[in-house]
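Letters go in sequence order (proteins before strands), and every chain restarts at 1.
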Protein chains: 2
Amino acid sequence: MNKRITIYDLAKTLKVSPGTVSRSLNNHPSISDKTKQRVIAKANELGYKINKFASNLSSQKSNTIGVIVPKLNSNFMSTILAGIEKVVNEAGYSLIISQSLESMEKEKINSMTLFNSGVDAILVSLAYDTTDYEHFTPFIKHKIPLIFLDRVPNLPECLTLIIDNYLAGFEATEHLIEQGCKNILYIGGNQNRNVYLERFKGYRAALKKHGLDYSFDELLETDLDPRNIDEVITYIKNHPTPIDGLFVASDSFAAHCIKELKKVSFKIPEDIKVVGFNNDPISELISPSLTTINYPGYEMGVLAGQSVINQLKGNIDMQATNAISLRHELIIRESSTIK
Amino acid sequence: MNKRITIYDLAKTLKVSPGTVSRSLNNHPSISDKTKQRVIAKANELGYKINKFASNLSSQKSNTIGVIVPKLNSNFMSTILAGIEKVVNEAGYSLIISQSLESMEKEKINSMTLFNSGVDAILVSLAYDTTDYEHFTPFIKHKIPLIFLDRVPNLPECLTLIIDNYLAGFEATEHLIEQGCKNILYIGGNQNRNVYLERFKGYRAALKKHGLDYSFDELLETDLDPRNIDEVITYIKNHPTPIDGLFVASDSFAAHCIKELKKVSFKIPEDIKVVGFNNDPISELISPSLTTINYPGYEMGVLAGQSVINQLKGNIDMQATNAISLRHELIIRESSTIK
DNA sequence: TTGTAGGCGTTATCAC
DNA sequence: GTGATAACGCCTACAA
C-alpha cells in the first residue's frame, strides 16, 4: 500500500523543518498561525497519521491505562469497566484490560505485563486470594498512579475507592432484625477480602446492638460459586436453630439460594427472609424480588476514571485523599418483607 | 528512583555489544548458549526490563489487540471478552478494549484510535446503528487482521464469527408451535443487525412451514431497553388476536416481559409461552425459568482469540474461511411448557 | 559467534 | 518563529 506519511514527508513537501511540523501538529505556541494552518492542511491532504510508537518512545508516555479485574464476565465488574472506559476515553486514553481470574499468580503476571507495556496508570480490583502486594511496588516506585477499586488492600500509598461495606452490612442486617429475624446467617466470600470482612463486621455489630445471641456458626464462608449451592442449602436445612434470615454478600448467589430453598419447600420471605448485595439486574427480576444493597458500580467506575485522569494531569493532589467512599443504599423488596 | 536498565547498561557491564545483548534476550540462534546465560543472568540481576516503546517502534508491532464492543456492561459481551482475554493473554498479547455505546460515531472514533495506536489486530462487534463500514478499511488496507463477532457486516474480506441465528430463530419458534401456540409475536432489535434479522427470518420460516398465518404485525422491533417495556406490554394486551407465544431476542428483555405480564395477570406459560435468547444466567433464576437458546459466548471469545493469534502468527491461512458458525442449542425450561 | 552502525518517527533543546 | 541536532532504546543488516 501507499507508504505511511511521516513528519519528514510533510517537512519536505512544505519546505520546512521536521521540528516545525511536529510543533505545528502539537499546537505549540511558538509557531505562527499561518504555518500551523499550512502544516495541518497538508497533513490532512496527505493523510498523515501520527506514529504512536515513535511518539511513545520519545515522550515515554503511552496514553494508556491498565486495568486488572478478577473476572470480566461479572455484571458488577463490567459495569465498573463501562464507567471507567467512558471517562478515560473522553480524556484521550485507552484502556488495557486484563483479568486475574481470581488468582494472585495471574494478577502478578498481569501487573508485570502492564508495567512493561508502559501504562501511564493502573486500576486494580484484587483477586480472591491475593495476600501480598509486592507486585504493585514497581508502580509505586516509578510514581505511576495506582488506584484500587472495591476489593482493596491496606496500602497507605495509594488511593482506594470503596463503599462503606461495614455500614452496608450493618444496615442489611438491622433491616432483617427489624423484620423479626432472630437467627440470621451471613454468607460471604473470602474473609481476607475487605468487602466480605467488612460486611461481616457490620452484620456482627448489628446483632450485637440488638442484643441477639451471636455465635461463629452464623458465618458461612464460601466461594460464592453457584455450583456449590448444595452445601449451603444442606447447611441451612441442618442448622440446629432454624435460620430465619439470610444476608448474602452477592445477589447472584442469593438468587440461587432463594431458588434452591424454594425447591426444598422453604417459603421466602415467610420462613426465611433474604437480603443480597450489589443490586444486580437479577435482583428485581426473580420472585420474590430481592432486597439488596445498591452498589453504584458505574459511578465508581466514573469516579475511578476521573481520579486517574486528575492524577495524570496533575490537576488535583489526590495524595491528600487516601480512600474515597461512595454512597450505598438499602433497597427493600419482597424477599425480606411480608405484606 | 534508580534509573531504568537498558541494553546498553547490560552491554557495558558485560563487556559485550548491545547487539549481542539484544540477541541474547531474544534467544537468537546465532548466540552461544554461554553468552546467553551470562546476559540473561545479569539482566535478572540488574532487573532489566524491556522498553516496549522502543521495541514497538523498532518492530512496528505492539503485541496488542484492539476490541470494540457495543457495551461492556452486558453479560453476553463480557462473557465473550473473558474468552478472548484468556486466549490472547496466554499468547502474549494485551487487549485494548473500547465500547461504542451502540453509536456508529463512537465506533468510528474508536477504530481510528485503535488504528493509530498500532494494534496488531482488531475484533469488532457492531454498534446498534452502524450502517457503513468505511472506518474499517484502514485495517484491511494495511492487512491488519479484522474479525467480526456476533454482530457482523457483509464484508467478504474479513472473518466473521457467528451462530446460525436463522436456524436458532427457527427452532425457537417451532418449539413454541409444537407447544400449541398459534399467535406468536417476535420481539427483536434493529433489523439492520444480522442477529435480529436472521432470527426473524427463522421465525418467519417456522411459521410458514407449519402453515400458520403470518402478518407483519407479529414483528415488534424495539431497542430492547427495559425502560420501554410498557409499550411492549400495551402492544401485547391490545393485540387484536390474543398472543399466546413470545419469541424475544434477548433473555434480559424476555425476563422483564415475563415479570410485567405476570403483573397484569397473564399466566406464563399457560396464557403466553415465552422463549428468550442467549442463555443469560438470569434465564434459569426467574420464575418460571426461561426457555432459551444457548449462545456459547465464552467459546466464541476463545475461538475469536485463537483465530486472531493464528492470523498473527501466520499459522493458518484463515483467508480460506470467511464465516465460522458456532453450535447453538435450544434449552427448554418452564416458560414454554406445561407439565 | 559477535561487533558496528544506521534506522524506526517523534520530541525537545539549543541556537539563530 | 524556525531550523539543526541529539536523544528515546531497541532491532537488524552487514561486516568482521
For DNA chain D, note the earliest and the latest nucleotide, 5' to 3', having some atom under 4.0 Å of a heavy atom belonging to chain B.
-> D/dG9 to D/dA13
Should the pair B/Phe136 and B/Phe139 be assigned to parallel (<30°), tilted (30 to 60°) or perpendicular (>60°) ring geometry?
-> tilted
Is it true that the side chains of A/Asp150 and A/Tyr295 contain a donor and an acceptor less than 3.5 Å apart?
-> yes
Round to a whole Å and report the spacing from CG of B/Leu14 to C1' of C/dG3.
-> 15 Å
Does the salt bridge (Lys or Arg N to Asp or Glu O under 4.0 Å) test come out yes or no for B/Glu299 and B/Lys86, once each step is laid out?
-> CA-CA 11 Å; B/Glu299 287 73 14; B/Lys86 176 134 193 304; over 6 Å; no
Answer yes or no: are there more than 12 heavy-atom neighbours, outside B/Asn154 itself, under 6.0 Å from its atom CG?
-> no
Residues that A/Lys42 engages under salt bridge (Lys or Arg N to Asp or Glu O under 4.0 Å), provided they are two or more places apart = A/Glu45
Contacts of B/Lys36 that satisfy salt bridge (Lys or Arg N to Asp or Glu O under 4.0 Å) - sequence neighbours left out | none
Mind checking whether B/His142 and B/Phe115 have ring centres under 6.0 Å apart?
-> yes
If we only count heavy atoms from C-beta on, is the B/Ile122 to B/Pro145 side-chain gap below 4.5 Å?
-> no
At under 4.0 Å between heavy atoms, which parts of nucleotides 6-15 of chain C does protein reach? Answer with one letter per nucleotide, 5' to 3': B base, S sugar-phosphate only, - none.
-> -BBBBBBB--
Across all chains, not counting sequence neighbours, the salt bridge (Lys or Arg N to Asp or Glu O under 4.0 Å) partners of B/Asp132 are B/Lys108
Given the rule in the salt bridge (Lys or Arg N to Asp or Glu O under 4.0 Å) test, do A/Glu107 and A/Lys71 qualify, once you have shown the distances and angles that lead to the verdict?
-> CA-CA 11 Å; A/Glu107 187 177 283; A/Lys71 291 161 89 182; over 6 Å; no
List in numerical order all residues of residues 31-45 of chain A for which some heavy atom is under 4.0 Å away from an atom belonging to DNA chain D.
-> A/Ile31, A/Ser32, A/Thr35
